[in-house]
2 protein chains.
Amino acid sequence: MLDFTALKLDDQTPIYQQVVRYVKLAIISGTASSGEELPSRRFLSALLGVNPNTIQKACRLMEEEGFLQSAAGSGSSLSFTPEMAAEMKRALLREETLRYLDSVKKMGLGRQAVLALVEDLWAEETGGEER
Amino acid sequence: MLDFTALKLDDQTPIYQQVVRYVKLAIISGTASSGEELPSRRFLSALLGVNPNTIQKACRLMEEEGFLQSAAGSGSSLSFTPEMAAEMKRALLREETLRYLDSVKKMGLGRQAVLALVEDLWAEETGGEER
DNA sequence: CTGACTGTATTATATCAGTAATACAGTCAG
DNA sequence: CTGACTGTATTACTGATATAATACAGTCAG
């Protein structure tokens, strides 16, 4: 059963998008496995303090993307191949990195400056666990 | 006179936020200098193909942030000190980098993997001009 | 079978971003 | 002074996000 207690909602992005992203990150990082169940829509909406329709919208999107299967009475569960997970990771990493690089370039930074900045803030952020 | 022809609008973010960001990036990168004039709100809205009220909202925000001065009849012009520009750059770089690093960490990447990814996509993106 | 859960669908309302169409007041060149 | 520009303000409309309150149908343990 996928855990949603770690999902912190911000009010800058549509909630349904944040929910989809949270599930995708769980798949990408290996936290969630294919076949794993999601809490019911009603339970999830109560847990997150949002409307059931908002969760329903997130679930509909994930079904359309092909990694969630739902059936009345049986609940909803993840369903994806390792290839789908790998492609999901590749696409999301590429997209976010290109957006970030485009942004810092517009601020006038060069390659070395970005690398230095990333190293600096990497250490600062979460106590710098080496990997 | 600040040039807005290079501003490409996307439909994922509120337009007024994109306009503010564009002006900030011009200040940060040194493209714009204090005292420089902005095109009139009507001209700008026509150029970007958006509503005058949207531009008005962007201008109001920039006034509240303290780097734009407006007066009826005289137009709007930038007004900032070198210290304000430096602080703007520092804050924006820090914010965007931390957001990016948080995201890639959630996807399971480590320090080395991020640095490698940034180097790879840096070269790919704009033909890789060294700096 | 019954009841309590599941997903699904519908209608109404509120808020916000953006559009649209005006109106008004300050500045300044002619 | 006049007119054409400037910023500023107001009202009305649309679409998307989210809320709220239901209603209906499928599943399954007791």
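All heavy atoms count here, side chains included; hydrogens, waters and symmetry mates do not. Just so it is clear, the structure is predicted and the values come from calculations on it, not from any experiment. Lettering of chains follows the sequences in order, A, B, ..., and the numbering in each one begins at 1.
Rounded to whole Å, atom P of D/dT10 lies 12 Å from atom CG of B/Asn53. Between A/Arg41 atom CZ and C/dT8 atom C1' there is a gap of 8 Å when expressed in whole angstrom units. If you measure from atom CG of B/Leu38 to atom P of D/dG7, you get 9 Å, rounded to the nearest angstrom. Rounded to whole angstrom, the span from the CD atom of B/Glu37 across to the C1' atom of C/dC28 amounts to 13 Å. Look at CD1 on B/Ile55: it is 13 Å from P on C/dA20, rounded to the nearest Å. Here the C1' atom of nucleotide C/dG18 and the CD atom of B/Gln12 are 15 Å apart, to the nearest Å. We find that CG of B/Leu48 is positioned 18 Å from P of C/dA17, with the value rounded to whole Å. A/Gln17 has its CD atom 13 Å from the C1' atom of D/dA18, to the nearest Å.
The nucleotide whose nearest atom lies closest to any side-chain atom of A/Thr54 is, among D/dT19, D/dG7, C/dT6, D/dT19. Among C/dT19, C/dG7, D/dA18, the nucleotide with an atom closest to any side-chain atom of B/Ile15 is C/dT19.
Both A/Gln56 and B/Thr13 lie close to DNA chain C; mapped to their nearest nucleotides by heavy-atom distance, the more 5′-ward contact belongs to A/Gln56. Along DNA chain D, the nucleotide nearest A/Gln18 and the nucleotide nearest B/Gly75 are compared for position; the residue whose nucleotide lies closer to the 5' end is B/Gly75. If B/Arg42 and B/Val50 are placed on DNA chain C by their nearest nucleotide, the residue sitting closer to the 5' end is B/Val50. Heavy-atom distances to DNA chain D give each of A/Gly49 and B/Ser76 a nearest nucleotide, and the one nearer the 5′ end belongs to B/Ser76.
A salt bridge links B/Arg21 with B/Glu96: the closest approach of a Lys/Arg side-chain nitrogen to an acidic carboxylate oxygen falls below 4.0 angstrom. Salt-bridge formation is not detected for the pair A/Glu63/A/Arg60: no Lys NZ or Arg NE/NH1/NH2 atom is positioned less than 4.0 Å from an Asp or Glu carboxylate oxygen. In summary, B/Glu95 and B/Arg90 do not engage in a salt bridge, as defined by a charged side-chain N under 4.0 Å from a carboxylate O.
Across residues 57-72 of chain A, A/Lys57, A/Ala72 each have a non-hydrogen atom less than 4.0 Å from an atom of DNA chain D (numbered order).
The shortest heavy-atom contact between B/Ala58 and B/Val20 is O-CG2, 3.7 Å.
Other residues, nucleotides and ligands contribute over 12 non-hydrogen atoms within 6.0 Å of the CD atom of B/Glu36.
Between B/Ser74 and C/dG26, a side-chain N or O to OP1/OP2 separation shorter than 4.0 Å is absent. B/Ser40 has a side-chain polar atom (N or O) that falls below the 4.0 Å cut-off from OP1 or OP2 of D/dT6. Side-chain N/O atoms of B/Tyr16 include one lying less than 4.0 angstrom from OP1 or OP2 on C/dA17.
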Intermediate values then yes/no, side-chain contact (heavy atoms from CB on, under 4.5 Å), A/Arg99 and A/Ser103: CA-CA 6 Å; A/Arg99 187 195 342 271; A/Ser103 180; 5.9 Å; no
Test A/Asp120 against A/Glu124 for side-chain contact (heavy atoms from CB on, under 4.5 Å), laying out the working first. CA-CA 7 Å; A/Asp120 272 8; A/Glu124 178 179 339; over 6 Å; no
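A donor atom on one side chain and an acceptor atom on the other are found under 3.5 Å apart for B/Tyr100 and A/Thr97.
Partner of B/Leu48 under the side chain to side chain contact (heavy atoms under 4.5 Å, CB included) criterion, chosen from B/Val19, B/Thr54, B/Thr5, B/Ile15: B/Val19.
B/Asn51 contributes a side-chain N or O that forms a donor-acceptor pair with the base of C/dA20 under 3.5 Å.
In this structure, A/Ser34 contributes its side chain and A/Phe80 its backbone to a donor-acceptor pair below 3.5 Å.
Every stem involving DNA chain D, taken as at least 3 paired positions in a row under the Watson-Crick or G-U wobble test at 3.5 Å, is listed here: C:1-30 with D:1-30.
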